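Remember, it's 1-based here, ligands and their atoms both numbered in the order they're listed. From a predicted model like this one, the values you see are computed outputs, not experimental measurements.
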Amino acid sequence: MDQIRVDVDRTLASIDRNIFGGFAEHLGRCIYGGIYEPGSPLADSDGIRTDVLDALCRLRMPILRYPGGNFVSGYRWQDGVGPVEQRPARAELAWHSVESNRFGTNEFVQFCRKLGTEPYLVVNCGDGDMREARDWVEYCNGTQDTALVKMRRQHGFDAPHKVKYWGIGNEVDGHWQIGAKTPEEYARAFLEFAKVMKWVDPTIKLTAAATSDWSGDILARVGLLVEQAGKLIDYLGIHWYVGNPTNNFQEYMAVSELIEDRLSAYEGLARMLRLQHKLPRPIAISVDEWNVWYRKRSEAGDFSNTLEEIYNLEDALVVAIQMNAFIRHAASVRMANLAQVVNVIAPIFTNPNGLFLQTIFYPFELYSNTCGTTALDVYWEGDTFSTNSHSGIRTLDVAATLREDQKQLTLYVVNRSETKALETAISLGDSAHLSGPVQAHVVNGPNIKAENSFEHPNTVGVSRGSLSAERKGFTYTFEPHSVTVLVCSLD
Ligand code: AHR
């Protein structure tokens, strides 16, 4: 029998709810035809798709990154404010489309307010300059009687937007980026952009675009960045996408090891650089783009696909595995943004008449709604599996959190076996007792390749149940290929 042992005194760190953030880019049908579709019978008077808004509300994302992504490296924010009919359409070179600019800063902030989420704006550090970046902060957050603040007021927004989170550039380490930067160029640009942006509003938090090319010159690049601008960096931004291109389920499930390696290594790097440069506070990690993405990738020169990935059950397991890692690394991962939110590599998929929820929607919804405030250090052992590069990987992937009032323990368990149900003894340490039944929420479907669609929207979904437990523990059998969230009340 497998074992999971939790001791509520063995805490790891507080959890920043911003790990349940999202990301929306001007790309394909994420904004236009996803979030925003004026004229649609499903849209409200601001053109926001209410069905999308309702579905996104269920995910309780505390923060939403915008407007890109690769898109931002050629974006002029001033094109997207003011009277809509006067906004210029521009050739868009990141995804080879035409950007109408009908949706821009103010529409985005209004959308965030409807959603109850904090806007996180990324400035153009590709072909854009520090003047534009600082002006955008002033336009959004300024309160003095300046031309930019007057302009915002004329645009109908008297009160400042108070945008707290800002990123400087996107994936500047990638050759695919408009205005990609060498380590020296980016360290210098970050320093100068950050300086003036924080001079305009000292309360803002800044993310540096640190790593997206995992085979690039990471140490030199991040080392130089922190050496030159460490005091101005609130988050080191890292991106990754994972997938199953060889159609090997076990290899895919072993992606946990890669995620652990990346997070542990990055934590070490951030700590080392803090020591070396005697920084007064730790630098947090923001995984400000993460997801499964491997099917709908643009081949060289072909921009016809718009990243409309259809997810299956094994992808939902991998999304949960990544969130388990964020919980286990809560001390350093203080923000994470699921890329993206609608249609484009997303948990929600629309057509003009409605939407369906993709498989990955369900683990995200469950985690975001049940996560406690403290990550716990869980011990678990039992069944294992091996791949070409790893042996002895525990078949269950586990994380746990405790609610602030210490009255609720939540266990997050991914059973990575395609065929085996795993009977597991779950026990508590000395200082806590279970009180009342345990609520079980299980994401599963008929097989690992099961998908949802407009025709079959509920092939993969959540089943719920409740089980009785002794005061010190209980036995639970995790279904094959499932994500299970066990919510336990404590005395
Ligand atoms: O999310 C899709 C793209 O992936 C983003 O535009 C870019 O930042 C990353 O490469």
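Remark: minimum distance from atom 1 (O) of ligand 1 to any protein heavy atom is reached at Tyr241 OH, 2.8 Å. The single protein non-hydrogen atom nearest to atom 6 (O) of ligand 1 is Glu25 OE1, 2.6 Å, given as residue, atom name and distance. Protein heavy atom in closest approach to atom 2 (C) of ligand 1: Gln340 NE2, 3.5 Å. Ranking protein heavy atoms by distance to atom 10 (O) of ligand 1, first place goes to Glu171 OE1, 2.7 Å. Counting protein heavy atoms only, atom 8 (O) of ligand 1 is closest to Glu289 OE2, 2.7 Å.
Looking at ligand 1, you won't find any N or O of Trp293 less than 3.5 Å from one of its N or O atoms. Ligand 1 has no nitrogen or oxygen under 3.5 angstrom from a nitrogen or oxygen of Trp95.
Residues passing the ring pair (Phe, Tyr, Trp, His ring centres under 6.0 Å) test with Tyr120, sequence neighbours excluded: none. Remark: Ala284 engages Tyr235, Arg334 in a side-chain contact (heavy atoms from CB on, under 4.5 Å) (not counting sequence neighbours).
Glu309 and Arg295 are joined by a salt bridge, as a carboxylate oxygen and a charged side-chain nitrogen come within less than 4.0 angstrom of each other. A salt bridge is absent between Arg131 and Asp129; no separation between the charged side-chain nitrogens and carboxylate oxygens falls under 4.0 Å. Using a 4.0 Å cut-off between charged side-chain N and carboxylate O, Arg76 and Asp127 make a salt bridge.
Atom numbering of ligand 1 starts at 1 in the shown order; those under 4.0 Å from a heavy atom of Asn170 are 7 (C), 8 (O). Shown in contact with Phe23 at under 4.0 Å from a heavy atom are these atoms of ligand 1, numbered in order with element: 1 (O).
Neither the backbone nor the side chain of Trp290 comes within 4.0 Å of ligand 1, counting heavy atoms alone. Counting heavy atoms closer than 4.0 Å to ligand 1, residue Val344 contributes nothing at all.
Ligand 1 does not have Asn291 within reach: every non-hydrogen atom of the residue lies 4.0 Å or more from it.
Enclosure of atom NZ in Lys162 is not indicated, since only 12 or fewer non-hydrogen atoms of other residues, nucleotides or ligands lie within 6.0 angstrom.
Ring pair Trp77/Tyr139: centre-to-centre distance below 6.0 Å.
Remark: Arg297 is positioned above the aromatic ring of Trp293, its terminal NZ or CZ atom under 6.0 angstrom from the ring centre and at most 45 degrees off the axis.
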